[in-house]
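Down below is the structure, laid out as structure tokens.
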Amino acid sequence: MSFPLTDIPLLPGSPRRLSPQAGTRGGQGPKHGQQYLQTPGARAPGLQGSSSRDPGQPRGGENARSSSVINNYLDANEPVSLEARLSRMHFHDNRRKVDYVLAYHYRKRGMHLAQGFPGHSLAIVSNGETGKEPHAGGPGDIELGPLDALEEERKEQREEFEHNLMEAGLELEKDLENKSQGSIFVRIHAPWQVLAREAEFLKIKVPTKKMYEIKAGGSIAKKFSAALQKLSSPLQPRVPEHSNNKMKNLSYPFSREKMYLYNIQEKDTFFDNATRSRIVHEILKRTACSRANNTMGINSLIANNIYEAAYPLHDGEYNSPEDDMNDRKLLYQEWARYGVFYKFQPIDLIRKYFGEKIGLYFAWLGLYTSFLIPSSVIGVIVFLYGCATIEEDIPSREMCDQQNAFVMCPLCDKSCDYWNLSSACGTARASHLFDNPATVFFSIFMALWATMFLENWKRLQMRLGYFWDLTGIEEEEERAQEHSRPEYETKVREKMLKEGNKSAVQKLETNTMESGHEDDEDKLTWKDRFPGYLMNFASILFMIALTFSIVFGVIVYRITTAAALSLNKATRSNVRVTVTATAVIINLVVILILDEIYGAVAKWLTKIEVPKTEQTFEERLILKAFLLKFVNAYSPIFYVAFFKGRFVGRPGSYVYVFDGYRMEECAPGGCLMELCVQLSIIMLGKQLIQNNIFEIGVPKLKKLFRKLKDETEAGETDSAHSKHPEQWDLDYSLEPYTGLTPEYMEMIIQFGFVTLFVASFPLAPVFALLNNVIEVRLDAKKFVTELRRPDAVRTKDIGIWFDILSGIGKFSVISNAFVIAITSDFIPRLVYQYSYSHNGTLHGFVNHTLSFFNVSQLKEGTQPENSQFDQEVQFCRFKDYREPPWAPNPYEFSKQYWFVLSARLAFVIIFQNLVMFLSVLVDWMIPDIPTDISDQIKKEKSLLVDFFLKEEHEKLKLMDEPALRSPGGGDRSRSRAASSAPSGQSQPGSVMSSGSQHTNV
């Protein structure tokens, strides 16, 4: 039984897509002004072929805008061949590769199929080769229920956008909406003509036929490199890219006029999957849709819920039991598993699969992790030095000596009693582990370490840029790939409409449709953005004030809790430990919550600024998010390091926060130990909770939620499809890729913990190293198994993140200088040892730092109640440099105080300038571009010129042979060959010396 083709009129305003035979079947064409879309009445078992058309050629038929469409009815219940099951990356013809997928969700109010149509799906293939020959017989009609107005409008917008994609030369395949609701996938294939055209427009560098050997320098360097490679062979991942790294292809931007330069064996595989999807994504970004307010690109349509998602496909499954190997499976086996944590990363394969931007991130993360190894070793040595010398530390021994009997003043009013300094022996001994002369050396080392890390990253970045052919990326090329954001276009259009300038709106729409960008006169001025800037300024100030308020709230909690616990004899002995631990945990929880809030606030603030391009949007978002998260993460630490215990006053004249609640003091051993505890708990807690909950737990919960949602909607899906899902179905169930900002931000904050306060916590690099070993594999697993494949983005550096790293490195010098000078006892000990000690040792240092106070001068009502001391206390001691009660100016700052203060400031200046000088010296000694890479770049330019000349001569010979047979033909062929010379090159006769340097290739 067969059905004839039925001509049905298109919906008003829908894209005009005609079959080539539409105007000839039935002996007559359509009426004037009316066009038809052909649909067969039923599925046909046969195949009908039609030759593919060059997208650059004009279209046939009565209307030049029409495009050929072949409608295939594919029976979902029909058994699928083994070949079709294995080909999840292709159209249903099993030949054309799926380069990109658009997904949208549709909903119908009512829909039923006519008889003879059960379980059939429709595939629309534009510019294609495969069709189904319908059976002859009765007609089959598709009866659609009434669509809701918004759904119908979105459908028309999708049809127009897909029509425009076909006009750009892309080939599409999509399924029939044969259910009441569901998801539809539009598969996109880019034929060779489109790939070649766009590769030339985007200036994509591709390998030429010429290969050359990369020389490793001198004989000593060769031997060292060979020995190092042999020793590290067990650590190398088993991927093809690491097998031959001594040879390199000359690369040159793709040009259709110079096809003879490239080694094109198969057109289908000349461009890899990442490049193909990047080309299609560029077309999607600049294709306009007039029905959607002339919005530009797929991002605008997704923002308006016309499409739900757009993504390239992964290269198959990563855990398939079959023997077939793909790049995704190889990355999973050699990189994205915790069992291979000891291996190096396959950076070249990561770049090939995910693109240069993600490749640079993992290269940076790998270098940072490897640089943490020497700093971790030195940090452990410094810690062990503190452990080894703890018994030799004279000040801690004096504090622990009960015979000294230093009676200290009460820590609070009324309920607190006098106490012996020897009771703080444990705190004093623990402080020596981190407050010793070795920490000063370690601070200088870490400042130089940060400089060396950044310099080595610049060198590695240049090396990767050479091997990945990124050295020729110009700003003009990067700007050519930038498109205006949908919000920017909407804002400009609203501005034009508000001003009543309809001609400007029409001009803007015309420019948007044709070139994809606005004129300079249509850009938003600072007056248009002023409300957004004002809101940004006010909101950021409010968020910073909120952070400081929360820090102050935690301070109040510590003060009130300490006073409350001091009233109870059972809890009085553990007041300081209890208050410190609970306050740090509160700080950690608040930091984690505010981190998520500030990330969302920074994104909202950046949106109301209306940046023009995605790159500008990303840079401004990074700056805001970093500022807010920096203040949030480090405010409690800065308080403990530089402010706690500085404004407490003295006995008899304390500073009170509230009535009866004194400002908190540092522990007897100083605030450095508490700073160490605060830093370690926040750093470790942040890393563990973010890794385990936010990066592992939350994605698993989302995946479980999507799975449950899919199971509830599985009533209309066929069992055969659920057993053998296509690759686009599998990828659609994955999490969308949202950018690298969270990954970079996490590592930047960690870099701050490692460098800013390393003087107080030498073990910070160790914990950072342990975290990063897991973090590399965690991020790798997330990218390979849990996220949709990102679009390949071509970039030559890590952007604004390098400037942030450099700023943190410079700021760490200042912060560590102040930690050593103000927070630790390093300077007071030096001053005492070389200015006040009788024998040049630290004997008597503790007594030197304690001042006297006459207890009879305590304010009324603040004296200890029910004192446990047997003898009457006449004087108590407190830590400060003040004159004794019997001095002419009692309780004023003594000469020792001003001496120590000046020594502290002098140390900050000397330390800062010394470390800055050494950093500049290291920067000067390490060149940004490795010498071998610089030589190879020059060599490559020279080889490229020679290769051009050789290929031009070969082309001339081939063109001269037939031309010489006809009189007067030689001159014409030579002129044609000369006109096809590469841009930027001279004529073949004018360049003879192969050794000359050419900087413009």
Side-chain angles (χ1 to χ4, degrees), residues 100 102 198 201-204 274 277-289 292 294-307 309-312 354-361 470 473-493 508 511-512 515-518 520 522-524 528-529 532 536 599-600 602-626 736-745 787-804:
Y100 219 87
L102 307 181
E198 296 298 321
F201 170 71
L202 296 173
K203 302 177 182 177
I204 295 178
S277 64
R278 175 189 165 201
I279 288 174
V280 175
H281 186 238
E282 288 296 327
I283 298 175
L284 290 172
K285 285 198 297 186
R286 69 167 187 262
T287 302
C289 182
N294 289 299
T295 54
M296 174 62 61
I298 186 63
N299 295 332
S300 305
L301 299 179
I302 293 176
N304 295 327
N305 296 319
I306 298 169
Y307 287 98
Y311 52 91
F354 292 111
E356 285 80 2
K357 188 172 185 178
I358 295 177
L360 284 175
Y361 163 71
L470 302 176
I473 292 185
E474 302 295 338
E475 293 183 2
E476 291 79 7
E477 179 184 348
E478 292 179 342
R479 283 199 297 265
Q481 302 177 27
E482 284 291 339
H483 301 276
S484 299
R485 299 178 62 250
E487 293 82 357
Y488 179 83
E489 295 174 3
T490 304
K491 190 74 174 179
V492 172
R493 192 173 293 108
L508 172 65
N511 290 335
T512 304
S515 60
H517 60 83
E518 298 81 6
D520 291 341
D522 296 321
K523 291 181 178 179
L524 299 178
D528 301 316
R529 291 196 172 97
N536 269 262
K603 192 171 184 179
W604 174 73
L605 290 176
T606 310
K607 283 182 178 179
I608 64 176
E609 276 190 30
V610 199
K612 182 175 180 181
T613 63
E614 288 294 339
Q615 182 178 355
T616 309
F617 179 88
E618 185 179 10
E619 289 179 353
R620 295 184 182 182
L621 173 62
I622 289 170
L623 283 176
K624 292 182 185 62
F626 173 73
Y737 168 72
T738 56
L740 288 170
T741 301
E743 277 72 27
Y744 270 118
M745 189 67 70
L787 295 180
R788 294 173 190 161
R789 187 171 184 173
D791 295 301
V793 178
R794 187 174 170 85
T795 184
K796 60 184 179 181
D797 52 36
I798 61 174
I800 196 172
W801 295 111
F802 183 83
D803 299 327
I804 294 176

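Because the structure is a prediction, the values reported are computed rather than measured.
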Could you report the tightest heavy-atom contact between [X] and [Y], atom names first, then the distance?
X: S277; Y: A274; result: OG-O, 2.9 Å
X: P790; Y: Y737; result: CB-CD2, 3.6 Å
X: A792; Y: G355; result: CB-CA, 3.9 Å
X: P742; Y: G739; result: CD-O, 3.7 Å

Can you measure from [atom1] ([X]) to [atom2] ([Y]) and round to the nearest 0.5 angstrom?
X: E743; Y: T738; atom1: CD; atom2: OG1; value: 7.0 Å
X: F354; Y: D791; atom1: CZ; atom2: CG; value: 12.0 Å
X: L470; Y: D797; atom1: CG; atom2: CG; value: 9.5 Å
X: Q615; Y: T795; atom1: CD; atom2: OG1; value: 7.5 Å
X: L284; Y: I279; atom1: CG; atom2: CD1; value: 12.0 Å
X: L623; Y: L605; atom1: CG; atom2: CG; value: 13.0 Å

Flag the pair [X] / [Y] as yes when at least one side-chain heavy-atom distance between them is below 4.5 Å, and no otherwise.
X: L102; Y: L301; result: no
X: Y311; Y: H281; result: no
X: W801; Y: T741; result: yes
X: E614; Y: K285; result: no
X: I283; Y: F201; result: no

Identified salt bridge (Lys or Arg N to Asp or Glu O under 4.0 Å) counterpart of E198 within the set K203, R286, R278: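 Of the listed residues K203, R286, R278, the salt bridge (Lys or Arg N to Asp or Glu O under 4.0 Å) partner of E198 is R286.
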Y744 and Y361 aromatic ring geometry - parallel, tilted or perpendicular at 30°/60° bounds: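 Judged by the thresholds at 30° and 60°, the geometry between Y361 and Y744 is perpendicular.
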I358/L740 under side chain to side chain contact (heavy atoms under 4.5 Å, CB included): CA gap, chis, key distance, verdict: CA-CA 8 Å; I358 295 177; L740 288 170; 4.1 Å; yes
Under 3.5 Å donor-acceptor, R529 side chain and V610 backbone: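 Looks like yes, one N/O pair under 3.5 Å.
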